Amino acid sequence: MVELDGGARHPRELLGNKGHGIDAMRRQNLPVPPAFCITTEVGLDYLAEAGATMDAIWDDVLDRMGWLEAETSRTFGRGPRPLLVSVRSGATHSMPGMMDTILDVGMNDAVEQALTSEGGPQFARDTRRRFMTMYERIVGQSVPADPYAQLRAGIEAVFASWDSPRAVAYRSHYGLDGGGGTAVIVQAMVFGNHGPNSGAGVFFSRNPITGADEPFGEWLPGGQGDDVVSGLVDVAPISVLRDEQPAVYDELTDAARGLERLASDIQEIEFTVDDGKLWLLQTRAAELSAPAAVRLALRLHGEGLIDDAEALRRVTPAHVAALLQPALQPETRLAAQLLAKGLPACPGVASGTAYVDVDEALAAADRGERVILVRDHTRPEDVLGMLSAQGVVTEVGGAASHAAVVSRELGRVAVVGCGRGAAAALAGRQITVDGYEGEVREGNLSPSAWSESDTPELRELAAIARRISPLRAHAAGHHPRLADTSDAAVRAALEAGHTDVLCANPLTVMLTAIRLTAEVAG
């Protein structure tokens with residue numbers, strides 16, 4: 001068990017992604033609520049022997065709760081200045097929305113009364129409602145009055161969510177090791193629902209959709225972080241925070257720039273503003289669309305933050321394939337009826353039948369149909385439907401919603417926030433989702449394809465790849481021809497001692513050759 005006070009310096013594999021980020025932010029003296037980490041090693045022990053593990057660590061948990069009380073000058077589960085905590089998962093690899101979190105742990109009658117004195121009856125009632133709804137859904141039982149019983153059950157529920165069906169399906173899709181387990185982060189609560197100068201949001205140090213060199217994010221006045229990422233509510237652009245609380249916005253952007261330089265990567269930061277005070281809850285490498293991944297790798301390379309090898313490591317053959325996906329020509333797009341418009345959350349074009357029920361979408365995909373999953377908002381348990389679909393459309397939610405984040409990671413074309421009633425209007429229709437324009441249009445529209453030579457970013461990336469790839473690939477010339485761009489074909493060419501090959505997608509082959517060579521060296 002580790003106090004995340006900036007001095008932990010343990011590897012990400014032990015603290016998990018979230019714990020590692022919190023400790024790094026504390027080390028930079030950024031405004032982060034105090035937290036401690038129950039490590040991934042304990043998480044694995046819990047999965048093997050739950051009861052014995054909790055008994056073994058409980059005294060340490062109580063000690064660390066005492067440390068949180070001292071850090072915050074509050075008391076857990078009682079007034080007059082009560083401490084509430086969040087209990088959050090923390091896997092080594094980011095798995096957005098796949099595991100469980102419980103907020104506001106430590107709430108009971110006495111705490112509600114104390115919060116009423118501190119922030120008013122509406123704040124106290126809303127906080128208790130949020131806690132009870134989340135606790136009963138995740139833990140699966142009524143809420144005990146004892147705050148430490150709540151805490152223990154919450155920790156167990158988060159550990160157990162490592163083996164939830166959605167988490168297992170997610171790891172299977174990405175080939176992630178199921179033996180890593182998750183850490184649990186216990187962190188002092190701060191409140192975005194605490195008065196007129198409060199709220200929550202997600203901030204990206206650069207645009208994760210387009211790759212533009214600009215701050216990007218979403219802000220929900222009066223809300224908590226789970227409201228923003230759930231996609232259940234419509235959110236405002238981050239410019240609203242800039243206009244309403246410019247000092248807070250400037251502090252946030254300064255922190256994001258510093259964290260980006262520290263990590264040499266684009267940062268996604270979850271934050272809360274509690275009565276005019278900024279708090280940073282989490283930072284991690286942002287999930288990027290394929291165009292953003294390529295453009296930002298090149299931009300960071302140009303700024304000298306990463307070298308040739310790292311720039312190429314951040315761009316995968318899947319990113320290149322996505323960039324080469326066909327796009328709708330203007331005359332084709334504008335000739336089709338516009339059915340819905342929202343935020344372009346993940347670029348690309350996908351056509352198919354709109355299904356609003358996940359089970360029906362899965363059955364249709366099993367029959368070989370092309371499926372577009374249309375929901376009011378996506379939930380973590382919808383991940384199998386998202387995996388089976390070519391595109392995702394939602395009625396509500398923004399760029400940081402579950403639908404947007406997971407679609408970008410899965411490489412699914414996505415348009416979110418199309419407005420209430422969109423699902424019913426689209427159900428059963430043949431539609432085309434345009435993730436470049438943020439549109440849903442009638443019919444199965446035919447896009448047109450690009451080539452590597454048509455895209456300046458890919459030409460620049462190919463020039464870098466030629467400098468370090470053990471296998472130079474060409475679109476024309478007199479060289480041995482690769483039958484395909486699969487790992488097996490590239491590996492065979494390397495084993496045969498080829499230095500030059502002929503193929504349709506040279507950049508894809510060189511990126512694969514670089515990765516395979518690195519795996520052998522590792």
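The figures here come from the full heavy-atom set of this structure, side chains too, leaving out hydrogens, waters and symmetry mates. Since the structure is predicted, the reported quantities are computational estimates derived from the model, not experimental observations.
- A salt bridge (charged side-chain N to carboxylate O under 4.0 Å, His left out) with Arg206 holds for exactly one of Glu303, Glu214, Glu268; it is Glu303.
- Side-chain contact check for Gln267 and Thr283: at least one donor-acceptor pair (N or O, by modelled atom type) lies under 3.5 Å.
- Checked by atom type and distance alone, the side chain of Asn505 never pairs as donor or acceptor with a backbone atom of Thr508 at under 3.5 Å.
- Inspection of the Glu244 and Tyr249 side chains reveals no N or O donor paired with an N or O acceptor under 3.5 Å.
- For the residue pair Thr127/Asn193, the side-chain donor-acceptor check at 3.5 Å is satisfied.
- Residue Phe191 is tested with Leu84, Thr272, Asp126, Leu103 for a side chain to side chain contact (heavy atoms under 4.5 Å, CB included); the sole match is Leu84.
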Quiz item: Are Leu312 and Ile464 close enough, and set up right, to give a side chain to side chain contact (heavy atoms under 4.5 Å, CB included), and what steps lead you there?
Solution: CA-CA 8 Å; Leu312 295 172; Ile464 298 173; 4.0 Å; yes
Exercise. Verify salt bridge (charged side-chain N to carboxylate O under 4.0 Å, His left out) between Arg481 and Asp484, making sure each step is shown before the conclusion.
Key: CA-CA 9 Å; Arg481 175 176 289 277; Asp484 56 56; over 6 Å; no
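- When all heavy atoms of Ile209 and Pro291 are compared, the closest pair comes out as O-CB, 4.5 Å.
- The nearest pair of heavy atoms linking Gly435 to Pro344 is O-CB, 3.2 Å.
- Atom CD of Gln122 has 12 or fewer heavy atoms from other residues, nucleotides or ligands within 6.0 Å.
- Between Asp243 and Val240 the shortest side-chain heavy-atom distance does not fall below 4.5 Å.
- Rounding to the nearest 0.5 Å places CG of Leu281 at 5.5 Å from CD of Gln187.
- Across all their heavy atoms, His319 and Ala290 have their closest contact at O-CB, 3.5 Å.
- Ring planes of Phe271 and Phe203: perpendicular class, angle over 60° (limits at 30 and 60°).
- When all heavy atoms are compared, the tightest approach of Arg314 to Ala293 is O-CB, 4.4 Å.
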Practice problem: Test Arg88 against Glu270 for salt bridge (charged side-chain N to carboxylate O under 4.0 Å, His left out), laying out the working first. | Solution: CA-CA 13 Å; Arg88 310 171 76 189; Glu270 293 182 19; 3.0 Å; yes
Self-check item: Stepwise side chain to side chain contact (heavy atoms under 4.5 Å, CB included) test for Phe131 and Gln150
Solution: CA-CA 10 Å; Phe131 166 63; Gln150 299 171 14; 3.2 Å; yes
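- Between Trp219 and Gln245, some side-chain heavy-atom pair lies under the 4.5 Å cut-off.
- Annotation: the span from Arg128 atom CZ to Met107 atom CE amounts to 7.0 Å, rounded to 0.5 Å.
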Self-check item: Check against side chain to side chain contact (heavy atoms under 4.5 Å, CB included), Met25 and Leu259
Solution: CA-CA 8 Å; Met25 290 192 295; Leu259 290 169; 3.9 Å; yes
Self-check item: Audit row: Glu395, Arg375, salt bridge (charged side-chain N to carboxylate O under 4.0 Å, His left out) steps and yes/no
Solution: CA-CA 7 Å; Glu395 295 183 342; Arg375 304 283 278 164; over 6 Å; no
Quiz item: Yes or no on side chain to side chain contact (heavy atoms under 4.5 Å, CB included) for Arg515 and Asp487, after CA distance, side-chain angles and deciding distance?
Solution: CA-CA 10 Å; Arg515 175 172 55 80; Asp487 282 13; 2.8 Å; yes
What side-chain donor-acceptor pairs closer than 3.5 Å can you find for residues 413-427, not counting sequence neighbours?
none

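- In this structure, Val85 and Met189 approach most closely via the heavy-atom pair C-CG, 3.5 Å.
- Classified by interplanar angle (parallel below 30°, tilted 30° to 60°, perpendicular above 60°), the ring pair Phe123/His194 is parallel.
- With a 4.5 Å cut-off on side-chain heavy atoms, Thr432 and Leu328 count as touching.
- Taking the centre and axis of the six-membered ring of Trp162, the NZ or CZ atom of Arg171 falls inside the cone set by 45° and 6.0 Å.
- Between Ser351 and Gly443, the shortest heavy-atom contact is OG-O, 4.5 Å.
- Checking each of Thr316, Leu288, Val315 against Val294 for a side chain to side chain contact (heavy atoms under 4.5 Å, CB included) leaves exactly one that passes, namely Val315.
- One finds the OG1 atom of Thr210 at 10.0 Å from the CG atom of Asp213 (value rounded to the nearest 0.5 Å).
- The shortest side-chain heavy-atom distance between Arg408 and Arg412 does not fall under the 4.5 Å cut-off.
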